[in-house]
*Asks:* 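Starting off with a structure, shown below.
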Protein chains: 2
Amino acid sequence: MSSSKQDAAAPLINAAPQPKPDPLAGTPCAACSVRDLSLCNVLREDEMEILSQIVTTVDVAPREPIIDEGEVAGSLFNVTGGAVKLYKLMPDGRRQITGFLFAGDFLGIALNDIYAYSAEAVNQVKLCRFPSTKLEDLLSQFPHMEKRLLGMASNELVQAQEHMLLLGRKSAKEKVCSFLLSLSRRAEKRGEQPSPISVPMSRADIGDYLGLTTETVSRTFTNLKRDGFIRLLEGGIVDIPDMEKLEELADGF
Amino acid sequence: MSSSKQDAAAPLINAAPQPKPDPLAGTPCAACSVRDLSLCNVLREDEMEILSQIVTTVDVAPREPIIDEGEVAGSLFNVTGGAVKLYKLMPDGRRQITGFLFAGDFLGIALNDIYAYSAEAVNQVKLCRFPSTKLEDLLSQFPHMEKRLLGMASNELVQAQEHMLLLGRKSAKEKVCSFLLSLSRRAEKRGEQPSPISVPMSRADIGDYLGLTTETVSRTFTNLKRDGFIRLLEGGIVDIPDMEKLEELADGF
DNA sequence: CGGGATCTTGAGGATGCTCAACGCTAGTGG
DNA sequence: CCACTAGCGTTGAGCATCCTCAAGATCCCG
């Protein structure tokens, strides 16, 4: 039997699971699986209701653009599924991927209302989209949401600094190990297992993230596999038998 | 007549430059030269007065530490003079400088109340210091200050991404040219000239910022000088005869 | 089953690093 | 007043890491 509205003659056995009508019913937020990871986790239910009024969900196919550097920043997004890559391009086509986003991550920080980077779907991606003008109104209403946003930005900044250390000072092997570790740790934060992890992005993407070529990434994976530090399974799944060993390799021991 | 309360017998000659007693008098904010660059520029005068109650000024000698990675984050700082370097260390001593700060820049973003990086004075530095607990109280009172902080964090994030592109994808020559350009642009924002710029940091610091060795930095400077793209003057002053040419070099043309 | 994209592997080479020496400047103490 | 030293910058020679170019293997989707 369903929990839908029923006439008074309904058998008592149905009475128990009958809370007040969910104000989020019909909005995408009702079934949101990453609410506790994202911007929204500081909101009370009545605040969620207001937020849910302005949100729309978007599906993006692999390799499709989400935002483009230089574009007017009209939207902010929360990733609710799939993987997104952020990148900057040089005039001659050289590319630096500045980050990968997964479920719960936030997207769309802009400067002077212009996006400072581009974003593209790695695999099938689900986003929830906030029009930036309307979200700003909300931020003024909910100061704790603004604090939350500042916290998320600070977190991104710390990650960025960690990545600069990687780009400027680590060897290819250390870079790849650090990359796998960060994927593992983030998967764990999302409630997944730390060890057989999904690596949905291509070797070329990994290279552009780590400041390496695809060939070097491929060779490094091969070496790590040969030495028993990782196992490459079907479908871009990587198994890490000894996490501590990988941590050592990531720091050059 | 001035708007200040004065008794009628006061000599007229004194009337003109006599505003109401400056509430900031005696506080370091009164003479602050970077107020329009910094966090405070969104505050009204009465709000400044409250802020000035919690601020203290600090002088730091060259090479002295300001904050240490891993330390409990008790303070936030605004740089009002001199240059500061932010850096992260690896266990074996490899260092990545993640940014240089100048007058007007903000320092002290932390994660879970732990500093995620270290900061050290490059030359003689002047800071104004806010105890973080007290500043947080203020942020709750002044939402526009919180917005301003978010804007500054966003700005840092954009700079960080630009630097990742540099570290991951640029050649030594492109890196050094980009570095000089960014110093020039930031000097201009501070109201200084864009061309003969002060470069107060050592070759080693520049190397750790650009992901190069001191030798490579030195060689690259020598080459740029030989080819007439820069001139090295006394006291770490660098002259850029042709800014557009340097911009081209920074992007690899 | 075919064909394009991705991944892997190899050979050779260039960029930037390591190690080393030397010059310059400033601070120190005899 | 000047030798001495420490720190910084510069220059050189040789080398390692990673890149480039190229070809073959594998995968995936139509």
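Sequence lines set the chain letters: A, B, ... in the order given, protein chains first and strands last, and positions in each chain run from 1.
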*Asks:* Look at T222(A) and dT9(C) and indicate whether a side-chain polar atom (N or O) is within less than 4.0 Å of OP1 or OP2.
*Replies:*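 True: T222(A) side-chain N/O within range (under 4.0 Å) of dT9(C) OP1/OP2.
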*Asks:* Identify whether NZ of Lys or CZ of Arg in R203(B) sits under 6.0 Å from the centre of the six-membered ring of F221(B) and within 45° of that ring's axis.
*Replies:*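 Pair R203(B)/F221(B) counts as cation-pi.
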*Asks:* Donor-acceptor check, side chain of D239(A) to backbone of R231(A), threshold 3.5 angstrom: yes or no?
*Replies:*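 A pair under 3.5 Å: no.
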*Asks:* Rounding to an integer number of Å, can you tell me how far R203(B) CZ sits from dT11(D) C1'?
*Replies:*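 To the nearest whole Å, that distance equals 14 Å.
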*Asks:* Measure the spacing between OH of Y117(A) and CG of L165(B) and express it to the nearest 0.5 Å.
*Replies:*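 One finds 15.0 Å between OH of Y117(A) and CG of L165(B).
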*Asks:* Taking DNA chain D as the partner, which of residues 160-172 of chain B come within under 4.0 angstrom of it by heavy atom?
*Replies:*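 Heavy-atom contacts with DNA chain D come from no residue of residues 160-172 of chain B; none.
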*Asks:* Tell me: CE of M201(B) to C1' of dG7(D), nearest whole Å?
*Replies:*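 After rounding, the gap between these two atoms is 18 Å.
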*Asks:* Can you measure L224(B) atom CG to dT10(D) atom P for me and round it to whole angstrom units?
*Replies:*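 My rounded result for the distance is 12 Å.
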*Asks:* Checking K88(B) against T98(B): is there a side-chain donor and acceptor pair closer than 3.5 Å?
*Replies:*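 K88(B) and T98(B) do not have a side-chain donor-acceptor pair below 3.5 Å.
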*Asks:* Supply the atom-to-atom distance I109(A) CD1 to L149(A) CG, rounded to the nearest 0.5 angstrom.
*Replies:*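 If I round to the nearest 0.5 Å, the distance is 6.0 Å.
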*Asks:* Could a donor-acceptor pair under 3.5 angstrom be found where the side chain of R63(B) meets the base of dG7(D)?
*Replies:*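 Per atom types, no contact qualifies.
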*Asks:* I'd like to know if E215(A) reaches the base of dC21(D) with its side chain such that a donor and an acceptor end up less than 3.5 angstrom apart.
*Replies:*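 Per atom types, the contact qualifies.
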*Asks:* In whole angstrom, what separates L212(A)'s CG from dC7(C)'s P?
*Replies:*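 Roughly 15 Å, once rounded to whole Å.
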*Asks:* Starting from C1' on dG16(C), measure out to CG on L210(B) and report it in whole angstrom.
*Replies:*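 Rounded to whole Å, this separation is 13 Å.
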*Asks:* Whole angstroms only, please: what is the NZ-C1' distance between K173(A) and dA16(D)?
*Replies:*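 In whole Å, dA16(D) C1' and K173(A) NZ are 15 Å from each other.
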*Asks:* Do I240(B) and I197(B) have side-chain heavy atoms sitting under 4.5 Å apart?
*Replies:*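 In contact.
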*Asks:* Indicate yes or no: at least one non-hydrogen side-chain atom of F130(A) is less than 4.5 angstrom from one of N78(A).
*Replies:*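 Side-chain contact under 4.5 Å: yes.
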*Asks:* Describe the nucleic acid contact of G211(B) in one word from base, sugar-phosphate, nothing, applying a heavy-atom distance below 4.0 Å.
*Replies:*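 Result for G211(B) = sugar-phosphate.
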*Asks:* Take atom CG of N223(B) and atom P of dG9(D), then tell me their distance rounded to the nearest Å.
*Replies:*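 It is 17 Å, rounded to the nearest whole Å.
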*Asks:* Under 4.0 Å between a side-chain N/O of T213(A) and OP1 or OP2 of dC19(D), yes or no?
*Replies:*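 For dC19(D), OP1/OP2 do have a side-chain N/O of T213(A) under 4.0 Å.
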*Asks:* Quick check: on DNA chain D, is the nucleotide nearest R219(B) upstream (toward 5') of the one nearest S202(B), or the reverse? Name the residue that is more 5'.
*Replies:*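 Comparing both residues, the 5'-ward one is S202(B).
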*Asks:* OP1 or OP2 of dC19(D) versus the side-chain N and O atoms of T216(A): is any pair under 4.0 Å?
*Replies:*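 Checking T216(A) against dC19(D): at least one side-chain N or O falls below 4.0 Å of OP1 or OP2.
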*Asks:* Using whole Å, report how far CG of L232(B) lies from P of dT10(D).
*Replies:*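 Roughly 7 Å, once rounded to whole Å.
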